[in-house]
Amino acid sequence: MNQEAKKPAKLQAVKGMNDFFAEEAGLLQALEAKLHGWLASYGYRNVRTPVLEQTALFRRGIGEVTDIVEKEMFSFTDRLNGDELTMRPEFTAGIVRAVVEHSLLYNGPQRVFSMGPVFRHERPQRGRYRQFHQIDVEALGFAGPDVDAELIVMLKRLWDDLGLTDVRLEINTLGSPAERAAHRDALITYFESHADLLDEDAKRRLHSNPLRILDTKNPAMQAMVNAAPRLDQHLGDESRAHFEELQAYLRDAGIAYTINPRLVRGLDYYNLTVFEWITDQLGAQGTICGGGRYDGLIELFGGKSEPAVGFAIGVERLIDLVKQSGAVNGASRCDVYVVHQGTRPEAARYAFGLAEQMRSTGLEVILHCGGGSFKSQMKKADGSGAEFAVIIGDDELAAQEATLKPLRGDAPQERVKAAALAARLIEQFPEQLPEQITEQPES
Ligand code: HAM
């Protein structure tokens with residue numbers, strides 16, 4: 001009996017991890033190109049650190065009693081050698097590790113950036129994924145507040161360039177470690193006197209991380225938390241001056257902001273300046289960028305004490321906003337689509353050679369592969385977004401020519417000698433003249 005072969009089951013991506021393809025991948029690529037220009041205009045240079053780091057790095061850097069370290073890290077033991085490893089849940093710790101390991105601040109402060117995937121085991125929803133992407137920017141070795149202001153102004157410029165209007169800035173200062181310690185003691189005393197109102201999470205954090213209790217979403221605790229001792233009551237002159245000066249820079253630059261004394265951020269390494277950019281257009285996950293100063297982290301990782309400040313933008317959230325603004329176009333396109341339909345196989349090879357010839361001049365060319373009727377090939381040519389179709393048939397092959405058909409507008413098609421085809425097309429795309437041609441002296 002003929003037994004029907006069992007079809008293999010389809011495999012699926014890991015929950016909360018997305019594929020980027022078609023228009024969205026194009027949008028990401030176009031956005032990345034814009035971002036590189038923007039980062040370069042502020043003097044930021046690329047660094048790339050591994051996706052995997054020692055788990056101890058994030059425990060020490062981000063802090064033991066944080067959501068990320070307690071519940072969200074993709075950590076595992078390497079079964080080949082027993083190493084405890086973690087897929088990076090953020091860039092900062094890895095970049096600071098690299099800075100210390102390679103003494104990158106030996107020659108003075110550095111402005112660096114990195115882009116790529118980060119991993120957090122959160123409950124997926126719109127704007128919240130288990131693999132997501134960040135654009136991470138760090139100014140290392142700068143005490144600020146000038147550079148803190150520069151980072152914020154730089155972000156405002158990006159929102160403007162991307163046509164994002166509904167993004168607001170919240171800032172706060174977390175003071176120095178000593179001021180935070182004094183505030184922390186005051187908070188513990190206060191929360192202890194309201195122990196009956198604390199939920200389980202808060203009770204657990206009472207002595208390990210009382211500051212995070214201020215971040216509670218529990219409505220039953222709001223009134224009590226609102227009346228808790230505030231850090232600004234414990235700030236000394238230096239911290240106050242740093243924050244005041246930052247605000248003066250922002251006012252000079254015409255940047256609107258609100259001071260949110262409850263803004264504490266979810267990672268433990270921060271001091272002084274912290275900030276977030278928030279939008280109402282994305283539903284619950286409205287924070288598109290968060291950052292701040294982390295003057296103690298380099299020393300905590302064994303380096304010489306150096307100040308630092310930075311931020312990270314959530315790329316998926318940014319793309320969601322950019323889609324709404326329409327300022328970046330992700331549609332794929334090319335310059336030329338080569339259509340060929342000869343009765344002899346030489347026609348296909350002739351088309352193949354012409355496509356290579358055109359690419360040598362810097363043109364973006366798609367060669368139709370896989371046959372099909374003339375009509376269906378022309379439909380593909382149109383859908384490719386190409387400005388021109390180059391059409392090859394038996395006649396063109398015999399005459400060593402090509403038919404050049406404009407696909408946009410009413411210009412008539414023309415027959416062009418193969419040897420002159422690339423030059424004729426280059427006339428149509430002057431912005432793509434390769435350097436060696438533009439640099440040739442006029443004759
Ligand atoms: P963060 O606030 O944890 O900061 O993350 C930065 C941004 O990443 C968030 O504002 C959000 O846009 C995005 N994001 C966070 N979690 C998710 C998620 N599950 N799905 C999608 N997007 C998400 C940091 O990571 C710090 N390292 C920033 C920094 C750099 N501070 C100083 N330097």
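Note that the structure is predicted; figures quoted are calculated from it, not measured. In this chain, residues are counted from 1 in sequence order. Order of appearance sets the numbers: ligands from 1, and atoms from 1 within every ligand.
If you look at R128 next to ligand 1, the close heavy atoms, those under 4.0 Å, come from the backbone and the side chain alike. Proximity of D136 to ligand 1, defined as any heavy-atom pair under 4.0 Å, is confined to the side chain (atoms from C-beta onward). Of all the heavy atoms of P89, none lies under 4.0 Å from any atom of ligand 1, so neither backbone nor side chain is involved. The proximity of R130 to ligand 1, defined as any non-hydrogen pair under 4.0 Å, does not occur for either the backbone or the side chain. With a heavy-atom cut-off of 4.0 Å, L267 touches ligand 1 through its side chain alone.
Between F74 and H121, the ring planes are tilted. Angles from 30° to 60° get that label. Between W38 and Y42, the ring planes are perpendicular. Angles over 60° get that label, and only those under 30° would be called parallel.
The CD atom of E276 sits 4.5 Å away from the OG1 atom of T287 when rounded to the nearest 0.5 Å. Here CG of L85 is found 9.5 Å from CD of E53. Values are rounded to the nearest 0.5 Å.
The single protein non-hydrogen atom nearest to atom 13 (C) of ligand 1 is G314 CA, 3.6 Å, given as residue, atom name and distance. Summary of contacts: the protein heavy atom closest to atom 29 (C) of ligand 1 is Y270 OH, 3.4 Å. Considering only non-hydrogen protein atoms, atom 27 (N) of ligand 1 sits nearest to E90 OE1, 2.5 Å. Counting protein heavy atoms only, atom 16 (N) of ligand 1 is closest to F132 CZ, 3.3 Å. If you check which protein heavy atom lies closest to atom 5 (O) of ligand 1, you get Q134 NE2, 3.2 Å.
Taking 4.0 Å as the cut-off, G127 counts as a neighbour of ligand 1 on heavy-atom distance.
Listed by atom number, the atoms of ligand 1 under 4.0 Å from G291 heavy atoms are 31 (N). Close approach of ligand 1 to C289 (heavy-atom distance below 4.0 Å) involves ligand atoms 10 (O). In the vicinity of I288, heavy-atom distances shorter than 4.0 Å reach the ligand 1 atoms 10 (O), 12 (O).
With atom 19 (N) of ligand 1 as the reference point, the heavy atom nearest to it among R293, Q285, R317, E122 is part of E122. Here atom 26 (C) of ligand 1 lies nearest to Y269 when heavy atoms of Y294, Y269, Y129, W277 are compared. Atom 25 (O) of ligand 1 has its nearest heavy-atom neighbour, among R265, E72, R120, in R120. Between the choices L297, T287, T92, V274, the shortest heavy-atom distance to atom 12 (O) of ligand 1 belongs to T287.
The shortest N or O to N or O distance between E138 and ligand 1 is below 3.5 Å.
In the model, E138 has a side-chain atom that pairs as donor or acceptor with a side-chain atom of Y294 under 3.5 Å. Side-chain N/O atoms of R120 and Y129 include no donor and acceptor closer than 3.5 Å. No hydrogens or angles considered: nothing links the side chains of N172 and N260 as a donor-acceptor pair under 3.5 Å. Side chains of T66 and D268: no donor on one and acceptor on the other come within 3.5 Å. Using a 3.5 Å distance cut-off with no hydrogens or angles, the side chains of Y337 and Q377 do not pair a donor with an acceptor.
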Kindly determine whether E306 and K304 satisfy salt bridge (charged side-chain N to carboxylate O under 4.0 Å, His left out), including the steps that lead there.
CA-CA 6 Å; E306 291 275 8; K304 186 168 144 272; 3.5 Å; yes
Test side chain to side chain donor-acceptor pair (under 3.5 Å) on N209 and R184 and set out the steps.
CA-CA 8 Å; N209 197 349; R184 187 178 183 277; over 6 Å; no
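For the pair I95/D136, a side-chain contact is recorded, criterion being any heavy-atom separation below 4.5 Å from C-beta on.
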